[in-house]
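Take a look at this one; I'll ask things after.
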Amino acid sequence: MLRKKIAAIIEGALDQCRAEGTIPHDLHISPFIEIPREEGNGDYSSNIAFSLAPKLRKSPQEIAGILIRTMTLGGICEKIEPAGKGFINFYIKDRTWQDDLRLVCDQGISVLYPDAGMGKKVLIEFVSSNPTGPLHIGHGRGAAVGDVLAHILNRTGYHVVREYYVNDAGRQIETLGESTYLRWKELQGEKIDEYPKHLYQGEYVRDIAALLAEKGIKIPETEGESVKVMSVFASDEVMKGIVADLEAFGVHFDNYFRETSLFDRNAVNETLEFLKKKDYAYEKDEALWFRTSLFEKDEDRVLVKSDGEKTYFASDIAYHRDKFYRGFDILIDLWGSDHHGYIPRMKASIEALGKDKDALKVLLIQFVTLLKDGKPVGMSTRSGEFTTLREVMDEVGRDAARFFFLMRKCDAHLEFDLDLAKKTSNENPVYYVQYAHARIESIFRVAGENGFDMESVKNADVSLLSVKEEISLIKGILQFYAVLDGSARSFEPHRITFYLLELVGKFHSYYNKTRVLVDDAGITSARLLLLRILQEVIRDGLQILGVSAPDKM
RNA sequence: GCGCCCAUAGCUCAAUUGGAUAGAGUGUUGGACUUCGAAUCCAAAGGUUGCAGGUUCGAUUCCUGCUGGGCGCACCA
């Protein structure tokens, strides 16, 4: 918001210089404006003089001096100063900040939501774990990241749909059926010499087999038929568990898209026909291949195996084609980082469908290392020694789990310290944020008890907020706009987490230094107004993260 | 062997996408509750940003080559 006004001040000076002939008429450079790291360097800063220097053959300092002389304060700046080797620093008036706070108070927090999406439709597909076993902690990370990203995009002008792709066709489901069949036979009293290693080892398979008997499901005569029945039954049961876990984790999907539905509608065959017609697919060694190499630096990949079975890649193309059919402008896929080798062929297939490959944005979720007593806990779905999302939630709670998942860039390794997440102490960062929210609420309680009319606070005189820390807090509140904007444009949900920690740090510091409820009713009122909006931003930020904002703790 | 990601304070991580003196938390040391919640705050200490070059006014960020770690390279999912 202010950034645009700063840009206008610079543009004004450039125009002036062009008119005076200090700068050639045909020279146009769009100024880059940033917020300096150090507060001493002003509220905004521009490096425009550096960009102009080689073209004007003058030193950056000299150019900065000329520009500043021709600049106006634009009604928002206290002063504009040259600094360093050619930076131009803008110092904003307290009054400007106060006016903006007034604006947020009058118009609501949504004025801090930037319109980055401009109404574009986004499909965000995440988790999409095969229904062959419960969600483990890695899926939990993907669930948290996807959910939070959806919240962010929802606030920044996108239409978002959350979707879970259910791989309910294929070999793995069959393996689950086989596993269930064997466990079922065990329960029938049959001796199984050795339970094969390639089958699912988890305890949940036994539970499902038991449920089968409990529900009186009719089992066919032959093994082949039985496995088919059990594949469907078992994967449905597992899926129910997954949905329940996700809901408990606070993640709700708009749509569960079944892979089998693509086959039911003949969508996979249609897609393959399309590719063949375009000559993007060819037959070799009795298999059907996709010409990945035509679009990307990658090898050609098999769509239909020589035994006639279709690969996952084939249905994946059909699935993404379907997404475009449904009118989405941007497709976001969250994958485990071990699938990164899959990106080129997927991008290639998008191009083959005649779409822009940049319409597909793949976010890779790096693995989570779970630490217990400072030592890593191993996990693998097959072996059954995984740690489930449910277990982690039960142990550390939903708030801590979600917060921890969002403290890292999603493509960076995450060390999840169970002991730390479990601590209800100051070492746990999630409490740091929640505590601020509760603390502000507590101030409101006391103010109310002292007979302060909280309704009248809305009309407080914001110009009474003149303490350095108060101006800093206002800046922090207004920064929400830029953080949301950057977070949405870069698809980086973790920025919200860092922002909240920083914002809340400013508050705690202010709280310890300055009393809010003082004798002067005007000042008290103004401070309560500031905290009211601050609390609203904290609450909204926590809501984005899917973390609760308690009034007491 | 080829490709992708990572390497920053003792530990876990940031650094506004190329900006100014590289910042937090944690741990260590010392301090602050008769007043709105001490799950908090203040201060000190902690660095050749893995190594070596290159690009330029300026590099943790971009390029090249090493070293070390993770992950991929199926007619698997």
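In what follows, chains are A, B, ... by sequence order, proteins preceding strands, each numbered from 1. These numbers come from the heavy atoms of this one structure, side chains and all, not from hydrogens, waters or symmetry mates.
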- side chain to side chain contact (heavy atoms under 4.5 Å, CB included) with S45(A): which residues, sequence neighbours excluded? E34(A), P36(A), F87(A), N89(A)

- Message: Once you measure the plane-to-plane angle for F313(A) and Y342(A), does it fall in the parallel (<30°), tilted (30-60°) or perpendicular (>60°) bin?
- Response: perpendicular

- Item | N or O in side chain of S306(A) less than 4.0 angstrom from C75(B) OP1/OP2 | no

- Message: Can you tell me how the ring of Y44(A) sits relative to the ring of W97(A), calling it parallel under 30°, perpendicular over 60° and tilted otherwise?
- Response: parallel

- Parallel, tilted or perpendicular for F290(A) and F295(A), by the 30°/60° rule? parallel

- Item | C1' atoms of G65(B) and A9(B), separation to the nearest Å | 28 Å

- Query: Are any of the side-chain nitrogens in K422(A) or E395(A) under 4.0 Å away from the carboxylate oxygens of its partner?
  - Reply: yes

- Phosphate OP1/OP2 of A39(B): any Y431(A) side-chain N/O under 4.0 Å: no

- Item | C75(B) phosphate, OP1 or OP2, under 4.0 Å from Y312(A) side-chain N/O | no

- Message: So if I define the base as every atom that isn't primed, P, OP1 or OP2, how would nucleotides 15-20 of chain B read as a B/S/- string at a heavy-atom cutoff under 4.0 Å?
- Response: SBB-BB

- Message: Taking atom types as they are modelled, would you say the side chain of H340(A) forms a donor-acceptor pair with the base of C5(B) within the 3.5 Å cutoff?
- Response: no

- Is R408(A) paired with E415(A) through a side-chain N to carboxylate O contact shorter than 4.0 Å? no

- Note on the structure: 5'-most contact on RNA chain B (nearest-nucleotide basis), A412(A) vs N130(A), goes to A412(A)

- Message: Please classify the nucleic acid contact of Y342(A) as base, sugar-phosphate, or nothing, using heavy-atom distances under 4.0 Å.
- Response: base

- Message: Between A52(B) and G10(B), how many Å separate the two C1' atoms, rounded to a whole number?
- Response: 27 Å

- Message: Return whichever of F498(A) or G341(A) has its heavy-atom-nearest nucleotide of RNA chain B closer to the 5' end.
- Response: F498(A)

- Message: On the six-membered ring of Y511(A), is R439(A) placed so that its NZ or CZ lies under 6.0 angstrom from the centre and within 45° of the ring axis?
- Response: yes

- Ion pair present between E299(A) and R345(A), side-chain N to carboxylate O less than 4.0 angstrom? no

- Using heavy atoms and a sub-4.0 Å distance, could you list which residues of residues 510-525 of chain A are near RNA chain B? By number, please. Y511(A), N512(A), T514(A), R515(A), V516(A), L517(A)

- Anything under 30° is parallel, anything over 60° is perpendicular, the rest tilted; go ahead and classify Y499(A) against F480(A). parallel

